[in-house]
Amino acid sequence: QDEWVESGGDSAQAGQSLTLSCTIGPTYTKICLAWFRQAPGGGRNEVAAIYTNGGEPYYADFVQGRFTISQDNARNTMYLQMNDLKPEDTGTYYCTAGVGTSGTYCAPVSPRWGRGTQVTVSS
């Protein structure tokens, strides 16, 4: 794949679920894969990361226990299962790859951000 493409975003009510997909594009390294969220008026903040060679995933405190990150190497795709959505989950979600240590933040390396996919959660 020659570009990163995020999809699956939608409008939802609090408590509902969504699953985001990301077609993995070009990357210098993918020791880890990560989802970022950009809230309205804010910067991009990491939501979850998965380590491609195994180990523990990383989740931001505010999504711990609700979101699950996964990957499908055969499809060159990564996912973010979002359960029990809250209004504060609202934002544009992006995917990328980078480096990090198992269980910790994944630092993007030469990210080629896609257009993102919008998630809007209402009360």
Side-chain angles (χ1 to χ4, degrees):
Q1 181 67 261
D2 58 2
E3 63 181 345
W4 293 75
V5 182
E6 300 92 347
S7 63
D10 204 349
S11 296
Q13 293 187 1
Q16 294 184 331
S17 298
L18 288 172
T19 299
L20 307 183
S21 298
C22 169
T23 298
I24 298 169
T27 180
Y28 175 76
T29 182
K30 56 176 181 178
I31 291 174
C32 48
L33 301 166
W35 284 95
F36 281 71
R37 185 194 75 205
Q38 184 171 32
R44 266 190 279 250
N45 296 308
E46 191 159 318
V47 171
I50 187 169
Y51 284 79
T52 57
N53 291 321
E56 296 297 320
Y58 162 81
Y59 295 101
D61 288 344
F62 64 91
V63 307
Q64 182 72 47
R66 299 189 296 118
F67 290 10
T68 302
I69 186 170
S70 62
Q71 63 180 108
D72 185 336
N73 288 331
R75 292 175 177 266
N76 195 38
T77 303
M78 57 188 286
Y79 305 92
L80 184 67
Q81 181 183 338
M82 309 165 67
N83 296 327
D84 191 24
L85 286 164
K86 300 179 179 181
E88 53 263 42
D89 295 324
T90 293
T92 304
Y93 285 75
Y94 301 86
C95 49
T96 191
V99 298
T101 300
S102 177
T104 71
Y105 171 86
C106 177
V109 175
S110 299
R112 300 185 186 186
W113 303 107
R115 293 179 173 84
T117 187
Q118 179 68 40
V119 173
T120 302
V121 184
S122 59
S123 300

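All values below were derived from every heavy atom in this structure, side-chain atoms included, with hydrogens, water molecules and symmetry-related copies excluded.
A side-chain donor-acceptor contact under 3.5 Å links T90 to the backbone of V121.
Considering all non-hydrogen atoms of both residues, P108 and T96 come closest at CG-CG2, 3.9 Å. Residues S123 and A14 approach most closely at CA-CB, 4.3 Å, considering heavy atoms. Contact detail for D84 and R66: the closest heavy-atom pair is O-NH1, 2.8 Å. Taking all atoms of both residues into account, the shortest heavy-atom contact from A97 to L33 is CB-CD2, 3.7 Å.
A distance of 5.5 Å separates CH2 of W35 from CE of M78, quoted to the nearest 0.5 Å. Atom OH in Y94 sits 11.0 Å away from atom CZ in R115 (nearest 0.5 Å). The distance from atom CG of D10 to atom OG of S17, rounded to the nearest 0.5 Å, is 12.5 Å. Atom-to-atom distance recorded for Q16:CD and S122:OG is 7.5 Å, nearest 0.5 angstrom. For the atom pair SG (C32) and CD (E46), the distance works out to 7.0 Å, reported to the nearest 0.5 Å. Summarising the geometry, atom CD belonging to Q71 is positioned 11.0 Å from atom SG belonging to C22; distances are rounded to the nearest 0.5 Å.
Under a cut-off of 6.0 angstrom, the local environment of CZ in F62 is crowded, with over 12 non-hydrogen atoms contributed by other residues, nucleotides or ligands. Enclosure of atom CD in E56 is not indicated, since only 12 or fewer non-hydrogen atoms of other residues, nucleotides or ligands lie within 6.0 angstrom.
When the ring pair (Phe, Tyr, Trp, His ring centres under 6.0 Å) test is applied to F36, the partners found at least two apart in sequence or on another chain are W113.
Tracing side-chain contacts under 4.5 Å through hydrophobic residues (I, L, V, M, F, W, Y), one reaches Y51 starting from V99; they form part of the same cluster. Residues I69 and Y58 do not share a hydrophobic cluster, clusters being chains of Ile/Leu/Val/Met/Phe/Trp/Tyr side chains in contact below 4.5 Å.
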Verdict with supporting geometry, Y79 and T68, side-chain contact (heavy atoms from CB on, under 4.5 Å): CA-CA 8 Å; Y79 305 92; T68 302; over 6 Å; no
Working for side-chain contact (heavy atoms from CB on, under 4.5 Å), residues L20 and E6: CA-CA 7 Å; L20 307 183; E6 300 92 347; over 6 Å; no
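Looking at heavy atoms from C-beta onward, I24 lies in side-chain contact with W4 at the 4.5 angstrom threshold. Side-chain atoms of R37 and D89, non-hydrogen and from C-beta on, do get closer than 4.5 Å to each other. When side chains are defined from C-beta on, V109 does not count as touching T27, because their heavy atoms never get closer than 4.5 Å.
Checked options L18, T117, V47, I50; the residue passing with L80 is V47 (criterion: side-chain contact (heavy atoms from CB on, under 4.5 Å)).
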